[in-house]
Amino acid sequence: MEINKITHVILTGGVGSRLWPLSRKTLPKQYLELFEGESLFEKTVIRSLDMSNKTIVVGNIENYKMSNVIMSKFEKPFTHIVEAVPRNTAAAIAFAAFASEPEDILLVTPSDHIIEGSELYNNALRKAIELANQDYLVTFGIKPTKPETGYGYIEFEGENVIAFHEKPDSKTANTYLENGNYFWNSGLFCFKAGKFLSELENQEPEVFWASKRAWEANQDGFLDYDLSLEIPSISIDYAVMERSNDIKVVPADFEWSDLGSFESVYDYLVQKDHPIDDNRNIVIGTSMHTTFIGVKNCILIYTSDALMVLQKENSQEVKQVYQQLESIASPLL
């Protein structure tokens, strides 16, 4: 394995609307220091330091300064690519690929996931790098632990992908779990920069060429607003992964969560000995004395300008609250 060929590409453009009011546009969830005193972004950087020699951070104009503060803690070089306007993951990854040599292997990860088990993680990376060197586009599959309706699924046979499936309803999710040949789609990828770009050009030429024009006009990593608006907003899954014939999946035996809801944050914090009462209620964001009476599995989230109480099982509904606030242009976002 040629270590100098491997670049860790960190995608850090998300807002984390399902974690409002903790996560805001000015402080998205990947920068919250909720996780053993570190942010998810910092944990993401540390996780792949030993397996790569370079990092590319693809973020947006609102958060690149927060990324740079964290990146300055590390001695390894990094490149920042600052998007003028979000254009989804196909374009974000294309920018990183354009900034790389065609034979460079890109390990692409979101910045807001929790992964436990460094040895298992490194083993999965080694396998993915081996396949990427053979010109495959590699995705990482997570073995489901429950019939989750909030994730996309990968249907597989061995290391071959049969199909990608959208977020299912609960009946379909139960069927996937019973069948046993479905992974959760983790959103982690590994491939050669040149291979990804050639697939993108074949499958979505408009995204490829518009991204190329925007990249070629960049100023010190900052992308032009008007050129960026010309890029179709489409995810890597739709643009490439679901349509290419050269896809492989690596089973990820490490513990993984995208922390996409307060239910998953709750589970993580309780696992890390966060205070919990006899009815399994927890408080996030304040040390103020709080008492729960007559309710179970509730989360109270406290910030200086908002208070939210929710049943753990109803965590997916937080996004609706965010959307309501968005519709009235609330300053609470």
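Reckoned from all heavy atoms, side chains included, excluding hydrogens, waters and symmetry mates.
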Next on the checklist: For a quick test of reading the model, state the closest non-hydrogen atom pair linking K195 to D135 and the distance between them.
Outcome noted: CE-O, 3.2 Å

Next on the checklist: Quick one: does any side-chain atom of Q30 pair with a main-chain N or O of T12 as donor and acceptor, under 3.5 Å?
Outcome noted: yes

Next on the checklist: Check R126 with E130, please: is the shortest side-chain N to carboxylate O separation under 4.0 Å?
Outcome noted: no

Checklist entry - Counting only heavy atoms not in Q323, do more than 12 fall under 6.0 Å of its CD? => result yes

Checklist entry - Are the charged groups of D258 and R18 less than 4.0 angstrom apart, N to O? => result no

Checklist entry - Is there a donor-acceptor pair under 3.5 Å between the side chain of E101 and the backbone N or O of G194? => result no

Checklist entry - Hey, what do you get for CG (L131) to CD1 (I105), rounding to the nearest 0.5 Å? => result 10.0 Å

Checklist entry - Any chance CD of E119 has more than 12 other-residue heavy atoms, nucleotides or ligands included, within less than 6.0 Å? => result no

Checklist entry - Looking at D224 and R213, does any basic side-chain N land under 4.0 Å from a carboxylate oxygen? => result no

Checklist entry - What do you reckon, is OH of Y136 surrounded by more than 12 foreign heavy atoms closer than 6.0 Å? => result no

Next on the checklist: Between V57 and F41, is there a side-chain heavy-atom distance shorter than 4.5 Å?
Outcome noted: yes

Item to check | Parallel, tilted or perpendicular, as decided by the 30° and 60° cut-offs, for the rings of Y176 and Y182 | outcome: parallel

Next on the checklist: Looking at every non-hydrogen atom in both residues, tell me the closest pair between G158 and V249 and how far apart they are.
Outcome noted: O-CG1, 4.1 Å

Checklist entry - In terms of hydrophobic clustering (I, L, V, M, F, W, Y; side-chain heavy atoms under 4.5 Å; direct or indirect links), are F222 and V9 co-clustered? => result no

Checklist entry - Would you say the side-chain atoms of K127 pair up with the backbone N or O of P251, donor to acceptor, closer than 3.5 Å? => result no

Next on the checklist: Would you compute the distance between atom CD1 of I129 and atom NZ of K5 and round it to the nearest 0.5 angstrom?
Outcome noted: 13.0 Å

Checklist entry - What do you reckon, is CZ of F74 surrounded by more than 12 foreign heavy atoms closer than 6.0 Å? => result yes

Next on the checklist: Tell me whether the count of non-hydrogen atoms from other residues, nucleotides or ligands lying under 6.0 Å of CG in D278 goes above 12.
Outcome noted: no

Item to check | Nearest heavy atoms of Q316 and E148, plus distance in Å | outcome: NE2-OE2, 4.3 Å

Checklist entry - Can any side-chain N or O of S315 pair as donor or acceptor with the backbone N or O of E263 at less than 3.5 Å? => result yes

Next on the checklist: Can you tell whether the side chains of K54 and D104 come within less than 4.0 Å, N to carboxylate O?
Outcome noted: no

Checklist outcome for this item: Output for pair (W209 CH2, L200 CG), nearest 0.5 Å, gives 11.0 Å

Checklist entry - Hey, do the aromatic rings of F98 and F208 have their centres closer than 6.0 Å? => result yes

Checklist entry - More than 12 non-hydrogen atoms from neighbouring residues, nucleotides or ligands closer than 6.0 Å to CZ on F292, yes or no? => result yes

Item to check | Side-chain ion pair, D112 and K29, N-O less than 4.0 Å | outcome: yes

Checklist entry - Can you tell me how far CG of N279 sits from CG of D277, rounded to the nearest 0.5 angstrom? => result 5.5 Å

Next on the checklist: Less than 4.0 angstrom from a charged side-chain N to a carboxylate O is my criterion; do R243 and E204 meet it?
Outcome noted: yes

Checklist entry - When you measure from the side chain of N60 to the backbone N and O of E62, does any donor-acceptor pair fall under 3.5 Å? => result yes

Item to check | Expected output: side-chain W215 to main-chain A94 donor-acceptor under 3.5 Å | outcome: no

Checklist entry - What is the distance from atom CG of N218 to atom CZ of F95, rounded to the nearest 0.5 Å? => result 9.5 Å

Next on the checklist: Check whether S100 reaches the backbone of A96 with its side chain - one donor and one acceptor, N or O, closer than 3.5 Å.
Outcome noted: yes

Checklist entry - Is a side-chain N or O of N281 found less than 3.5 angstrom from the main chain of V295, in a donor-acceptor match? => result yes

Next on the checklist: Could you check whether atom NZ of K143 has more than 12 heavy atoms from other residues, nucleotides or ligands sitting under 6.0 Å from it?
Outcome noted: no

Next on the checklist: Rounded at 0.5 Å granularity, tell me how far OG in S52 sits from CG in L107.
Outcome noted: 7.5 Å

Next on the checklist: So N68 and F78, do their side chains get closer than 4.5 Å, heavy atoms only?
Outcome noted: yes

Checklist entry - Counting only heavy atoms not in K272, do more than 12 fall under 6.0 Å of its NZ? => result yes

Item to check | Option from T89, N88, N185 for which side-chain hydrogen bond (donor to acceptor under 3.5 Å, both in side chains) with D237 holds | outcome: N185

Checklist entry - Does any N or O in the side chain of S228 come within less than 3.5 Å of the main-chain N or O of V85, such that one atom is a donor and the other an acceptor? => result no

Checklist entry - Can any side-chain N or O of S39 pair as donor or acceptor with the backbone N or O of E42 at less than 3.5 Å? => result yes

